[in-house]
Amino acid sequence: MKHRQPRVLIVTGYGVNCEAESAYAWELAGARPVQMHLNDLLAAPRRLELYQALMFIGGFSFGDHMGSGHVLALRWRHCLRDELCRFLARGRLALGICNGFQVMVKLGLLPGLDAGARPGAKPKAQARRLKQQVALTHNQCGVFQNFWVTLQFDPRSPCVFTRGLDRMEMPIRHGEGRFFAPTPGLLKELESRGCVPCRYAHPRTGRPAMRYPYNPNGSQRAIAGVCSPDGRVFGMMPHPEAYLFPENHPQWPRQKIAGALPRHGAGLAVFRNAVEYLQ
């Protein structure tokens, strides 16, 4: 039996720049991605209803003025909030990578601890609860970072996108990726509810990395990504869409000597998990 291809909306424009590789990742995973400029979505917000998943991509939206993702988050909040909440209330998926993760955090989509984020919640009630709870702030080292890191995934997390994943190397490229929760209580709640599906890890031990360079930005508890309590909304700083082929990895020649290279890069698994869920 052939499964229906889920439709995925990738919002482009105003400085985000990962649309090509993001669309290709969804295609390889079996979905039908559609790239749409933010202005076109603003002109017809009900178009969002046509899709089963939404992706906020990486880049430098609005030049990172007033902070990474801040201006784009304001555009969504003031112009598309009700449509977005209606979209999520129908049980659909949302993914944010790097700048997209920053947008989701500042918009209040993540971590989404409020019960109103659940499927079936009234969109208007959910919209009123969209408030920023955590932050992605400047790297502790004070400069932009661009290299590969090791991630360790939590099998107990409900995150749709990370099901079955264990340890993975992935590239990062950001200047404001340090995850920060304002209170110990909030951090504890995130962890207890499975909202931390991936952490920066030491490449040899797999344990959470608290120091640079294994933790590239100084994130609390080595948090590299968070999800909503139901696992349908997920954001992460590393770029899975930049690891679609084994040759993307900087050590691929050595990996080839050690054994046959796989057909695809490990990052594709994030998108395949989402497509399998939607199908």
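For clarity, every value in this text was computed on a predicted model and none was experimentally measured.
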Side chain of [X], backbone of [Y]: donor and acceptor closer than 3.5 Å?
X	Y	result
Q132	V134	yes
N215	S219	yes
S192	E189	yes
S61	G15	no
R167	L151	no
N273	V270	no
R193	P229	no
R178	T137	no
Q145	N217	no
T162	L165	no

Is there side-chain contact between [X] and [Y], with at least one heavy-atom pair below 4.5 Å?
X	Y	value
P33	Y24	no
L93	M55	no
L38	L42	yes
I97	M236	yes
V233	C227	no
R77	L130	yes
V275	P6	yes

With ILVMFWY side chains joined below 4.5 Å, transitively, what does I257's cluster contain besides itself?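 None; I257 is a cluster of one.
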
Could you grab the distance from atom [atom1] of [X] to atom [atom2] of [Y], nearest 0.5 Å is fine?
X	Y	atom1	atom2	result
R32	R4	CZ	CZ	10.0 Å
K106	Q133	NZ	CD	15.5 Å
M170	E241	CE	CD	9.0 Å
N248	E21	CG	CD	9.5 Å
L95	R232	CG	CZ	13.5 Å
E176	C98	CD	SG	10.0 Å

Please find the pair of heavy atoms, one from [X] and one from [Y], that lie closest to each other, and give the distance.
X	Y	value
L48	L41	N-CD1, 4.2 Å
L268	A25	CD1-O, 3.5 Å
L190	P111	CD2-CB, 3.3 Å
V16	V11	CG2-O, 4.1 Å
S228	C195	C-SG, 4.0 Å
I10	S22	CD1-C, 3.9 Å

Could you tell me if the ring centre of Y14 sits under 6.0 Å from that of F62?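 Yes, the ring centres sit under 6.0 Å apart.
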
- Would you say the ring centroid of W148 lies under 6.0 angstrom from that of Y243?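 Judged by ring-centre distance (under 6.0 Å), W148 and Y243 do meet the cut-off.
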
If only side-chain N and O atoms count, and only distance matters, is there a donor-acceptor pair under 3.5 Å linking [Y] with [X]?
X	Y	answer
D64	Q102	no
R7	Q52	no
N139	Y212	no
Q251	H249	no

Hydrophobic clustering (ILVMFWY, side-chain heavy atoms < 4.5 Å, transitive) - are [Y] and [X] grouped together?
X	Y	result
M210	F153	no
V143	F180	no
M237	Y214	no
V34	F56	yes

Checklist entry - Looking at residues at least two apart in the chain, or sitting in another chain, which of them share a side chain to side chain donor-acceptor pair (under 3.5 Å) with H264? => result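 Here the qualifying residues are R272.
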
query = Does R46 pair with E83 as a salt bridge, N-O distance under 4.0 Å?
reply =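 No salt bridge links R46 with E83.
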
inquiry  = What I want to find out is whether E191 reaches R199 closely enough, with some N-O distance under 4.0 Å, to be called a salt bridge.
reply    =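 A salt bridge links E191 with R199.
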
Do the ring planes of F144 and F60 sit parallel (below 30°), tilted (30 to 60°) or perpendicular (above 60°)?
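F144 and F60: tilted rings.
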
**Test side-chain contact (heavy atoms from CB on, under 4.5 Å) applied to L84 and L54, step by step** = CA-CA 9 Å; L84 179 59; L54 169 67; 3.7 Å; yes

inquiry  = Is there a side-chain contact (heavy atoms from CB on, under 4.5 Å) between Q152 and D166? Walk through the geometry before answering.
reply    = CA-CA 6 Å; Q152 185 71 41; D166 181 22; 2.8 Å; yes

Worked verdict on S157 versus V196 for side-chain contact (heavy atoms from CB on, under 4.5 Å):
CA-CA 7 Å; S157 173; V196 183; over 6 Å; no

Do you know which of F271, F161, Y277 makes ring-ring contact (aromatic ring centres under 6.0 Å, His included) with F234?
->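 The option that passes is F161.
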
Quiz item: Can you check ring-ring contact (aromatic ring centres under 6.0 Å, His included) on W252 and F245, steps first, answer last?
Solution: CA-CA 10 Å; W252 76 267; F245 296 98; over 10 Å; no

Let's go through L107 and L72 carefully: what are the C-alpha distance in whole Å and the side-chain angles of both, what is the deciding distance for side-chain contact (heavy atoms from CB on, under 4.5 Å) to 0.1 Å, and is it a yes or a no?
CA-CA 9 Å; L107 181 57; L72 185 53; over 6 Å; no

